[in-house]
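Heads up: the structure comes next, in structure tokens.
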Amino acid sequence: MPTDAAKEPMSKSYAPSDHESRIWDKWMASGAFHADPSRVLSSEAQPYTILIPPPNVTAALHLGHALNNSIQDILIRAHRMKGYETLWMPGTDHAGIATQTMVDKKLKEAGKPGIADYKKMELEGKPGREEFLKLVHDFKDEYEARITDQLQKMGCSCDWDRQRFTMDDICARAVREAFFQLFKDGLIYRGKRLVNWDPVTQTALADDEVEMEDVEGFFWYMKYPVVDASGNETGEFVTVATTRPETFLGDTGVAVNPDDPKHKKFIGQRVKLPFVNRIIPIIGDDYVVMADPNSSDSKAQYASGFLKVTPAHDPNDWMIGQRHDLEVINIMAPDASISDTHGWEDVGDAQQFVGLSREDARIAIEKAFDDAGLLEAKKPYSHAVGHSYRSHAAIEPYLSDQWYCKVSDDKLRGNAQRAVRPDQRTEKSIKDWPESRPKMVAENSTDGSMSFFPARYTKTYETWHDNLRDWCISRQLWWGHRIPVWHKRYDLTTDEALDLCASEVDEVMETYWPDQFCIVKNAETGADISLKELFIPTGKNSTQILREGVVDVYICDIRENASCWENDGFKQDPDVLDTWFSSALWPLSTMGWPDAAAAKDSSGIEDFESMLSAFNPTSLLTTAREIITLWVSRMAMFNRYFLGENEQPGKAPFKDVFIHAMIQDGEGRKMSKSLGNGVDPLDIIHSHGADAMRFTLCQMTTQTQDVRMPVEHDKSTGKNTSPKFDLGRNLCNKLWNAAKFSMMMLEKNPIEPGMPIDPQELTLIDRWMLSRVVDATNKINTAQRSYMFKDYADTIYDLFWRDFCDWYLESIKPTIADNPNQRAVLRLVFEAIIRLMHPVMPFITETLSERFADIPMREITGFNFAQTRTNETLCQSGWPEPIDELRDEVAEDAYERVRSLVSTIREIRAQSQVAPKRKIVLHATGSLADDITRWSPLVETLAGVESITADSPDGQAASFTFEGAEYQLSNLADALDEGAEKDRLEKELATIEKSIKGIEGRLANPGYTDKAPAHLVQQTRDQLAGLEKDRDATKSALEKLG
RNA sequence: GGGCUAUUGGCGCAGUUGGCUAGCGCACCAGUAUGACACACUGGGGGUCACAGGUUCGAGUCCUGUAUAGCCCACCA
């Protein structure tokens, strides 16, 4: 039913804001975006599914999001029209550290208490955590609403009834279940490791949350005295080179390369750490780079040959320490100040440094060494240092207890690797895989269903997995999924504790399984203790302790009432999970895993229980390339792990992964807040319209990794924009006007109902136009399948603007009123064009569809549309599926000749400065006179020709050649400028002769005629013959001029 | 340090297995109120395809090297 708005006369130009919100409401009311899993399960329709990469709730969407989501919507809409049951699952991500930091910052800016104040409250026993999280929730609600609004303004046809948030109840249930299963299977463990510690936000960061920045620093050369067996200085010194002198307090060894001819003699000796007076060994380790001032390796240039080893404060040193069983001494507090209360006891004479920040300690230590004559040198040195991507503070490698996910296990990493389609793998055969890469279960397994587009990104995915280390999943934050583990330390020598512990474990083992799982660790060594080693059942409900000592008991419990452990003195782990842990579960949690019934209850969505089987695996994931490791890989691991059955891994969560380009500004820089070069999608929607933005973004999306968008600052609005979007705006306006014109034609002379029209009965121009639609449809289908978005945009642009507007509409002007079949063609072709355009430009096409709703369509045999649920709105209508027989080569060739003749005549008109309105006469006396006469209506209309005659001109005339013959045009002007005519023909002749020369040269080369394919050589010969005819005709025309 | 991408008229980009005179949009020049569109129409000018070698009958396209720009990854002596 057309609305009133659709009845109003069409405006002179297209104004997006007059239509977009009305169309959006219409779509929402129609339920067009709601996916019905039952149609998939009953095989009525094939599924097509995309999960939105959930945007962080930290900020409004930027142009990169606009690009990514336009791409998704284009594919979703196209598949909906092709008859697929489409699901585009929307949602947002809680973005743990980013959101918490953002809220803290905003609170501080508003002069309100920040997280530090709430932490204080917590220490005072007040509910600081709870209060702070309320504020974060408010912030999240605000931004989630903003993001949703933005996506809807862009026209994103997500299934909005199913919108998820990574921390809502349904997702939280999935997170707890996943954590529990991994915990139970031994794939989550607690470990003391060096983590990337952000001393400002005081949390551990994942490797990928650390940004490397080049820093202008120094190399310090510090002298350590060598001591003899009894600890007395021998008078010799070794000089260690370091960029971090402050960590010397934690040195527990000095390493030398065992192949170092100059220094290897020191191996086995010992040195005394200045001030601390700790005696530490000199060890041999081939990690150490030997000093070589002439080396191209900057490390060798700066190295002294001696490497100080600080296992607690450097990842490399940690590994050296592990190899040589060195002591691990942590000398810092969590805020990165020097501390003697976090594991450092032998302070010795170094008390002066305790309490200093790491920066101040560096200065103090340099001075102390210098004063003591122990600083040999200090040289400037530029190197990369990790910084927190949030606080931008330098990362401190810091020893702490964290939860890890054992992603290096073959069940996770291996299955993620094997998910890649075999012919995309860089090593084609599994046998060729590097030693580090997990092996296939079997060459012929069902693995390998996931493809990357462009394929080169497979390599990124593979190499990342090759070098994968276990994933630190705990974060010392408040905003996130709380780790479902309760901890209590027991002294097993105390009877009371022993009884309690025994009863707890007993309960865990027998009563509550499988909702809880328990691990026990030796509190001193951190070693795991098997429950069976620890307790032995001695009868019903009683156990006997087998060992003594102090143990840490960790209970993982995912029941709703798990806080009951607190009554027994257990405490829940204060940490939350890395954001990517819940993101990794996105293909599962959004589909109701693990408990669809519960998801149904909490969401009220009836068909939740069919979702997983209908829509997982999904069809496509589109994302930015930096997310391949953070997200794509982890989703692959988790989907395969949790959906596996009977030792067989589940499927990859998506068939295709499309990595889109990154939008840079005109200078090739990343768009960012700090550079102020970002463009807000809403601003563009406001100034150009959503469709214009979408078309332009689609048109820019090539297979390269970066695309540039020149940014201009509009002083009148104070906003950034880009002239690139004019392209889309102009196209919308052109479409609007072409529609207005077509409608005028069709309303003046209505389409007559009747039997389907046989295409053979149509005129040349109509058959040509239908043929162009068929060709474009095929090209678009191919472009969509291969994610060539620019090809799609260019094809639709050319079909509509070049073929339909420039040639078809111009050609039919004189005949449409009298030709009912032509009106049927116009109506159908217009319909096909707006349907082909709709996925890219949904609002304007839906608007036009409303307006054309009253103009009936008469069928043309073979010009079909796909079957869909309904044709109620354009977005649900069927995709054009014309049969291949409508591709009419004869009509295409013939019309190509008409166009060529018209262009030639137009060129002469322009060059001879014929007044645009002047009607000229074409004298077709040559060999093609019959053809030209048959085309006369077209040629007359398009080239401004009054009449075509077989008579020779009796007055002045301009000659031209067409397809090797000579023709004349007369009545060009009241008095023809013969000199100008001569110039024109001479220029023409020169061009032809130049071409002939080139072709003759090629044919004279025996290498070409002998070795090039025969059809190519023949083609060249034909071309030469044609050019020779043109040359002769032009010459003859020139001769007539005298 | 490793990997990847780009370099084509003033600007932004196509050019998929090597094959007619290298295309498109914007901008530019000339003309135009023509049954919708000046956000338009018609015609035109402008490129030794970053550079140097090589393979080939033939290279923007393949190979090698160089330069420049950018991105991603990497345990900070």
Side-chain angles (χ1 to χ4, degrees), chain A residues 10 12-14 194 207-208 212 215 217 219-220 240-244 255 287-289 297-299 302-304 306-310 314-319 381 383-386 394-395 397 456-457 459-460 463-464 467 469 625-626 628-629 662 664 666-670 699-700 702-710 722-724 726-727 729-745 786 788 790-791 794 797-798 805-806 809-810 813 903 906-907 909-911 913 915-917 944 991 994-995 998-999 1002 1005-1013 1016 1019-1020 1023:
Chain A
M10 291 179 75
K12 189 167 164 61
S13 58
Y14 175 62
L194 281 185
D207 293 342
D208 37 61
M212 302 312 285
V215 168
F219 249 104
W220 284 266
V240 296
T242 180
T243 55
R244 298 208 51 200
Y287 174 78
V288 180
V289 175
D297 177 7
S298 67
K299 252 183 204 170
Y302 283 88
S304 69
F306 294 98
L307 174 66
K308 63 192 269 308
V309 183
T310 323
D314 183 286
N316 298 312
D317 294 8
W318 169 265
M319 288 193 296
Y381 181 69
H383 60 137
V385 176
I395 291 300
R456 69 181 114 92
Y457 290 112
K459 199 170 176 180
T460 310
T463 32
W464 187 72
N467 303 315
R469 292 181 299 162
R625 67 178 171 285
E626 68 265 23
I628 295 172
T629 52
M662 193 172 71
Q664 302 174 334
E667 274 81 57
R669 298 172 307 180
K670 215 169 173 168
Q699 195 270 159
M700 284 174 67
T702 61
Q703 306 290 300
T704 61
Q705 60 180 22
D706 308 306
V707 292
R708 288 187 186 193
M709 156 107 31
S722 173
K724 289 214 76 164
D726 293 352
L727 171 70
R729 184 199 55 195
N730 296 356
L731 177 61
C732 288
N733 190 242
K734 185 79 176 173
L735 177 60
W736 182 256
N737 279 289
K740 189 161 65 175
F741 182 66
S742 302
M743 186 137 69
M744 191 178 72
M745 306 260 211
S786 45
M788 308 281 240
K790 188 190 166 57
D791 282 3
D794 285 350
Y797 187 95
D798 287 343
C805 293
D806 290 355
L809 286 184
E810 293 302 327
K813 278 176 180 175
S903 296
R906 281 175 175 172
E907 201 179 318
R909 290 186 68 121
Q911 285 173 2
Q913 296 186 305
K917 277 188 172 166
T991 313
K994 199 179 157 200
S995 300
I999 288 172
R1002 202 183 318 157
N1005 178 358
Y1008 178 67
T1009 47
D1010 294 350
K1011 294 190 182 173
L1016 262 173
Q1019 207 176 304
T1020 313
Q1023 199 187 346

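A, B, ... follow the sequence lines: proteins, then strands. Residue 1 opens every chain.
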- Which residues pass the side-chain contact (heavy atoms from CB on, under 4.5 Å) test with Ser13(A), sequence neighbours left out? Asn733(A)
- Item | Partners meeting side-chain contact (heavy atoms from CB on, under 4.5 Å) with Ser304(A) (sequence neighbours left out) | Tyr221(A), Ala241(A), Phe306(A)
- Atom C1', compared across G12(B) and C20(B): separation rounded to whole Å: 28 Å
- Query: Who passes side-chain hydrogen bond (donor to acceptor under 3.5 Å, both in side chains) against Thr702(A), sequence neighbours left out?
  - Reply: Thr704(A)
- RNA chain B in dot-bracket, Watson-Crick or G-U pairs under 3.5 Å, [ ] crossing, | other strand? ((((((((.[[[[.)...(...]]]].(((((.......))))).....[[[[[..)....]]]]])))))))....
- Task: Using side-chain hydrogen bond (donor to acceptor under 3.5 Å, both in side chains) as the criterion, list what pairs up with Thr242(A), not counting sequence neighbours.
- Result: none
- Item | Pairwise C1' distance for G10(B) and U16(B), with rounding to whole Å | 29 Å
- Item | Which residues share a side-chain contact (heavy atoms from CB on, under 4.5 Å) with Ala738(A), sequence neighbours left out | Phe800(A), Phe804(A), Cys805(A), Leu809(A)
- side-chain hydrogen bond (donor to acceptor under 3.5 Å, both in side chains) against Arg244(A), all qualifying residues, sequence neighbours excluded: Glu246(A), Glu396(A)
- Using side-chain contact (heavy atoms from CB on, under 4.5 Å) as the criterion, list what pairs up with Met744(A), not counting sequence neighbours. Phe741(A)
- Message: More than 12 heavy atoms of other residues, nucleotides or ligands under 6.0 Å from NZ of Lys994(A): yes or no?
- Response: no
- Message: Run the ring-ring contact (aromatic ring centres under 6.0 Å, His included) test against Trp220(A) and tell me which residues pass, sequence neighbours left out.
- Response: Phe218(A)
- Note on the structure: Sequence neighbours excluded, the answer for side-chain hydrogen bond (donor to acceptor under 3.5 Å, both in side chains) partners of Thr1009(A) is none
- Message: Please encode protein proximity along nucleotides 2-11 of chain B as a string of B, S and -, counting only heavy-atom distances under 4.0 Å.
- Response: -SBBS-----
- Task: Going 5' to 3' through nucleotides 39-45 of chain B, assign each nucleotide B (protein heavy atom under 4.0 Å from a base atom), S (under 4.0 Å only from sugar-phosphate atoms) or - (no protein heavy atom that close).
- Result: BSSSSS-
